[in-house]
Every structure is written in structure tokens, then in C-alpha cells.
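One structure is given here, and the rest of the page talks about it.
All values below were derived from every heavy atom in this structure, side-chain atoms included, with hydrogens, water molecules and symmetry-related copies excluded.
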Amino acid sequence: MESLFVLYDSRCGVCTQLKSWLSRQPAYVALHFVALGSAEARERFPMLGPGDQELAVVGDTGEAWLGDRAWIMCLWALREYRAWAQKFSTPAMMPLARQAFLTLSNNRFALSRLLGLRSEEDMKRYLTETPIPPCQIPPL
């Protein structure tokens, strides 16, 4: 496996911050980020329905992981966190990985508001609604 596609919720501030964090980490495999529900996601991954808003990771081998297993795959891809992925993937820790993911996932919008994290979608909307004043060139 040489690359992973990480499908994330671009409407969520926590998700977009985690995407940014993941993209800055040294990785064993290339990570490509695709917004869930985007035209690219629908074209590349038609098996994911329009209502799927859970984190998904798809390998260049065709394998796919959802939810907590997707987070474990993200950690597995990173040089400094592969050991964490291995710990969370054990039978004893897998239920905790699920709980950790569900806690974050179920509260991501509230956490985004609490931490003042804006999603990519919010930033685009805000910036496109900001008027650009005309240039005021003084006469010569």
C-alpha cells in the first residue's frame, strides 16, 4: 500500500483541523484528503452514499475502513503514531478506540464551536460573502 484516501467532513471544524494535523505529520504512506459528499468523493468512491458522514479511509489497494477503524488506519499511516494504531487495534483496546472515536465524532460540532474552530465550508462561505472594496488609486 502506497497511499490512503481520507474522506472527512469538511463542514466540521474538528475534522478539518485533524485533516490539517494529519497532513503535517511524517507518514509511511501518502495521505490524500477528499471532502465527504464532494464531486470528487462521489466520482472516486461511489460505494459511499450521500448520507455517509462517518470518517472513511480507502487504500490504493481497494480496502476501506470506516469510523474508529479509519482513525486507526490514519494513525497507522503516520511514522510517529503507528505504535498507537497497533495498540488500538488489539482486541483489548479496540472497544476503547471505538469509544474514543464515537465520543469525538458525536461531539465534533459542539467541540468545533467550543474551540472556535471553523470548517473549510464556513471559511469559504464567510470569505465569499466578504465584499472586496474597489481600489482607490489617487490621481497623479
When you look at Val58 and Leu4, which way does the side-chain contact (heavy atoms from CB on, under 4.5 Å) test go after all the steps?
-> CA-CA 6 Å; Val58 180; Leu4 292 172; over 6 Å; no
For [X] against [Y], the heavy-atom pair lying closest together:
X: Ser23; Y: Ser20; answer: OG-O, 2.7 Å
X: Pro26; Y: Glu80; answer: CG-OE2, 4.0 Å
X: Asp9; Y: Leu36; answer: N-CD1, 4.0 Å
X: Ser89; Y: Met94; answer: CA-CE, 3.9 Å
X: Leu66; Y: Ala56; answer: CD2-CB, 3.5 Å
X: Thr61; Y: Met1; answer: OG1-CE, 4.0 Å

Distance-only, no hydrogens or angles: does the Arg79 side chain make a donor-acceptor pair with backbone N or O of Gln25 under 3.5 Å?
-> no
Intermediate values then yes/no, side-chain contact (heavy atoms from CB on, under 4.5 Å), Trp71 and Leu18 | CA-CA 10 Å; Trp71 281 114; Leu18 287 171; 3.2 Å; yes
Does the side chain of Val6 come within less than 4.5 Å of Leu55's, by heavy atoms?
->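 The answer is yes; the side chains approach within 4.5 Å.
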With the side chain counted from C-beta on, respond yes when Leu78 and Leu22 share a heavy-atom pair under 4.5 Å apart, and no when they do not.
-> yes
Spacing of [X] atom [atom1] and [Y] atom [atom2] [to the nearest 0.5 Å]:
X: Ile72; Y: Trp84; atom1: CD1; atom2: CH2; value: 12.5 Å
X: Arg24; Y: Leu31; atom1: CZ; atom2: CG; value: 13.0 Å
X: Phe33; Y: Cys15; atom1: CZ; atom2: SG; value: 12.0 Å

Give the C-alpha distance, both sets of side-chain angles, the deciding distance and a yes or no for side-chain contact (heavy atoms from CB on, under 4.5 Å) between Val29 and Glu2.
-> CA-CA 5 Å; Val29 298; Glu2 295 181 19; 5.7 Å; no
Residues that Thr90 engages under side-chain hydrogen bond (donor to acceptor under 3.5 Å, both in side chains), provided they are two or more places apart = none
Residue pairs meeting ring pair (Phe, Tyr, Trp, His ring centres under 6.0 Å), one or both in residues 8-29, sequence neighbours left out, come to Trp21-Tyr81
For Arg44, what residues pass the salt bridge (Lys or Arg N to Asp or Glu O under 4.0 Å) criterion, not counting sequence neighbours?
->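 Applying salt bridge (Lys or Arg N to Asp or Glu O under 4.0 Å) to Arg44 gives Glu40.
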